[in-house]
Colleague: 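Would you mind keeping the following structure in view while I ask a few things?
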Amino acid sequence: MAKFRKDVASETPELATTSLPDIIFMLIFFFMVTTSMRQATVMVDQKLPVATEVKKLENKSLVSYIYLGAPHKSYQAKFGTATRIQLNDKFAGVPDIQDFIASERSTKSENDQKLMTTALKVDEKVKMGMVTDVKQALRRVGALKISYTTAKGEKAF
Amino acid sequence: MAGSKKTPGINAASMADISFILLIFFLMVTTMGTDFGLIRQLPPMAEDQKNEDKINERNVFVVNVNQHDNIMAEKSYINISELRGKAKEFFFIGNEGDEFPEKEVKELPLVGSIKVNKTAVVSLQNDRGTSYKAYIQVQNELAGAVHELRNEFCLQHFGKKFDDCSQEEQDTVGKQIYPMAISEAEPKDAGGRRK
């Protein structure tokens with residue numbers, strides 16, 4: 001009797017691992033849902049011009065992106081083919097830049113606000129008039145540090 | 001019965017799956033590719049325009065880009081490939097003469113007294129119809145000219161390239177001798193608005 005009981009108690013049961021993948025899957029779904037991916041879906045054509053004298057854009061969390069270009073094929077039926085400004089996930093006009101910069105600023109601490117950079121991601125076919133309008137709007141709100149995002153190349157022309 | 005007393009090993013067969021899942025997760029979340037760009041400081045919204053006017057004409061290198069992306073530097077049409085050379089010629093501190101910027105002798109740390117440009121500014125004017133590509137090319141060439149001059153100066157005086165210099169050396173060369181002075185004029189609509 002004593003021997004029988006001892007036998008049963010000493011045998012540690014094997015760890016059941018069949019549910020492990022499910023647990024991990026749950027975790028992954030949790031992360032997928034909660035992680036906000038900062039990069040907006042770009043809805044405009046983006047063929048960036050090539051430059052050689054470029055600097056790396058540091059501190060990505062302090063960079064706000066403004067996209068300029070003709071809307072993608074899938075959006076052309078609705079938005080036409082003229083150059084549009086994209087802020088975050090939607091098309092916008094020049095006056096919206098003020099609100100955009102203000103809302104970008106409000107999420108940063110006061111020290112970081114000075115270091116904020118606005119990256120202009122502009123398609124190479126865009127006319128400078130549009131870019132100038134955006135730049136003037138940025139000057140008006142005092143977002144003076146800008147970066148013309150370009151592709152890095154060996155030769156610029 | 002000795003065998004049954006051994007602690008059974010943890011089943012590691014699913015480890016691969018777990019790591020795969022983690023891998024996929026990080027692949028999805030990480031934004032790939034770093035951004036490169038030409039970093040510029042915009043002038044604050046102008047309150048007094050008088051500053052512009054005070055600069056002597058010989059201290060300003062005027063670059064115009066029109067709506068057909070033609071480039072005019074100092075009143076003559078040039079090709080984009082000539083721009084870098086022209087700009088270097090303008091900025092180079094060894095060039096003296098009426099067509100080059102005024103020089104003054106400065107006492108600087110590390111290099112001693114040296115003749116530098118008093119003020120040398122590139123004024124970049126573009127039309128609303130200029131393409132962004134041409135604009136970036138011009139910006140790039142102007143920046144390239146300054147970078148090349150800085151590198152040449154540093155090689156000559158410190159025996160290394162500008163990027164390899166110490167902060168102090170970079171400050172001296174970058175701020176006192178060859179500052180990146182590109183002024184962008186208020187936008188003009190010379191070529192007429194084209195949509």
Side-chain angles (χ1 to χ4, degrees), chain A residues 7 10-18 20-21 24-25 27-28 31-32 35 37-39 48-57 60 63 68 82 117 119-133 135-136 138-140 142-152 156-157, chain B residues 1 4-15 17-18 21-22 24-25 28-29 31 34-46 65 67 79-81 126-137 139-148 184 186-189 193-195:
Chain A
D7 231 344
S10 72
E11 203 166 345
T12 325
E14 208 164 319
L15 206 63
T17 53
T18 42
L20 210 56
I24 298 292
F25 262 115
L27 271 174
I28 223 181
F31 280 118
M32 274 174 70
T35 314
M37 268 165 251
R38 273 201 61 85
Q39 207 83 20
L48 298 171
V50 182
T52 54
E53 317 293 324
V54 290
K55 278 209 185 96
K56 212 164 130 187
L57 208 51
K60 270 195 164 179
V63 180
L68 266 81
T117 310
L120 299 179
K121 290 195 152 187
V122 184
D123 188 81
E124 62 179 23
K125 285 200 275 297
V126 171
K127 299 290 179 202
M128 276 310 290
M130 199 80 172
V131 182
T132 309
D133 289 343
K135 272 159 64 183
Q136 292 295 92
L138 289 174
R139 280 176 72 187
R140 236 169 278 135
L144 299 178
K145 206 171 164 215
I146 60 162
S147 157
Y148 301 108
T149 304
T150 61
K152 195 182 180 184
F157 48 85
Chain B
M1 278 289 140
S4 65
K5 281 189 180 175
K6 256 205 311 191
T7 322
I10 296 172
N11 189 356
S14 56
M15 211 63 145
D17 305 75
I18 298 167
I21 289 163
L22 274 173
I24 293 165
F25 171 68
M28 285 188 67
V29 170
T31 46
T34 14
D35 273 346
F36 293 96
L38 299 165
I39 294 163
R40 291 283 175 277
Q41 188 84 23
L42 290 173
M45 213 59 191
V65 191
Q67 77 271 29
N79 198 293
I80 178 77
S81 54
N126 60 267
D127 187 79
R128 289 190 68 92
T130 308
S131 80
Y132 184 67
K133 189 183 182 185
Y135 176 78
I136 286 297
Q137 280 179 353
Q139 282 270 15
N140 186 58
E141 287 313 293
L142 294 173
V146 176
H147 283 163
E148 277 183 22
E184 288 178 52
E186 296 288 324
K188 275 183 192 158
D189 198 5
R193 201 162 197 157
R194 259 154 241 244
K195 292 243 166 142

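So that the names make sense, note that chain A is the first sequence line, chain B the second, and so on, each numbered from 1. Here the structure is a predicted model, which is why all the values come from computation and not from measurement.
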Colleague: Between A/V122 and chain B, which part of the residue has a heavy atom less than 4.5 Å away: side chain, backbone, both or neither?
Modeller: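 When you check distances to chain B, atoms from both the backbone and side chain of A/V122 fall under 4.5 Å.
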Colleague: Where do B/S131 and A/E124 come nearest, in terms of heavy atoms and distance?
Modeller: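 Closest approach of B/S131 to A/E124, heavy atoms only: CB-O, 4.1 Å.
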Colleague: Decide yes or no for A/T132 and B/N126: does some side-chain heavy atom of the first lie under 4.5 Å from some side-chain heavy atom of the second?
Modeller: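 Touching, per the 4.5 Å side-chain cut-off.
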Colleague: Measuring heavy-atom distances to chain A, does B/L38 have an atom under 4.5 Å in its side chain, in its backbone, in both, or in neither?
Modeller: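 For B/L38, the contact with chain A is made by backbone and side chain together.
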Colleague: For chain B, which candidate among A/L48, A/T150, A/V131, A/L138 shows the most heavy-atom pairs at distances under 4.5 Å?
Modeller: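 Heavy-atom pair counts peak at A/T150.
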Colleague: Quick one: closest heavy-atom pair of B/G37 and A/S147, and the distance?
Modeller: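 Heavy-atom minimum between the residues: CA-OG, 3.8 Å.
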Colleague: Determine the minimum heavy-atom distance between A/A143 and B/L42, stating which atoms define it.
Modeller: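 Smallest heavy-atom distance, with atoms named: O-CD1, 4.1 Å.
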Colleague: Salt-bridge test for A/K127 and B/D127: reply yes if a basic N is under 4.0 Å from a carboxylate O, no otherwise.
Modeller: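 Here A/K127 does not pair with B/D127 in a salt bridge, since their nearest N and O are not under 4.0 Å apart.
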Colleague: Just so I understand: if I count every heavy-atom pair under 4.5 Å between each of A/V126, A/L68, A/D123 and chain B, which residue has the most?
Modeller: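 Result: the option with the highest number of such pairs is A/V126.
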Colleague: Less than 4.5 Å apart, any side-chain heavy atom of A/E53 and any of B/L142?
Modeller: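 When only atoms from C-beta onward are counted, B/L142 and A/E53 do not touch, as no gap falls below 4.5 Å.
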Colleague: With a 4.5 Å cut-off on side-chain heavy atoms, are A/Y148 and B/I136 touching?
Modeller: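 Yes, close enough: below the 4.5 Å cut-off.
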Colleague: Given side chains that start at C-beta, do those of A/K125 and B/Y132 come closer than 4.5 Å, heavy atoms only?
Modeller: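 They are not in side-chain contact.
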Colleague: Taking all non-hydrogen atoms of both residues into account, name the closest pair between A/P49 and B/K133 and its distance.
Modeller: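 What the structure gives for the nearest pair is CB-CA, 4.3 Å.
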Colleague: Can you find a heavy atom in the side chain of A/L57 that is under 4.5 Å from one in the side chain of B/I39?
Modeller: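 Yes. Closest side-chain heavy atoms under 4.5 Å.
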Colleague: Show the nearest heavy-atom pair for residues A/A51 and B/N140, with the distance to one decimal.
Modeller: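 Where A/A51 meets B/N140 most closely, the heavy atoms are CB-OD1, 3.4 Å.
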Colleague: Which pair of non-hydrogen atoms, one from B/Q41 and one from A/K145, has the smallest distance, and what is that distance?
Modeller: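 Closest approach of B/Q41 to A/K145, heavy atoms only: OE1-CG, 4.0 Å.
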Colleague: Check each atom of A/A82 against the heavy atoms of chain B and say whether the ones under 4.5 Å are side chain, backbone, both or neither.
Modeller: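 For A/A82, neither part sits under 4.5 Å from chain B.
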Colleague: Of all of A/I146, A/L120, A/T117, which one pairs up most often with chain B through heavy atoms under 4.5 Å apart?
Modeller: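 Top option by heavy-atom pairs under 4.5 Å: A/I146.
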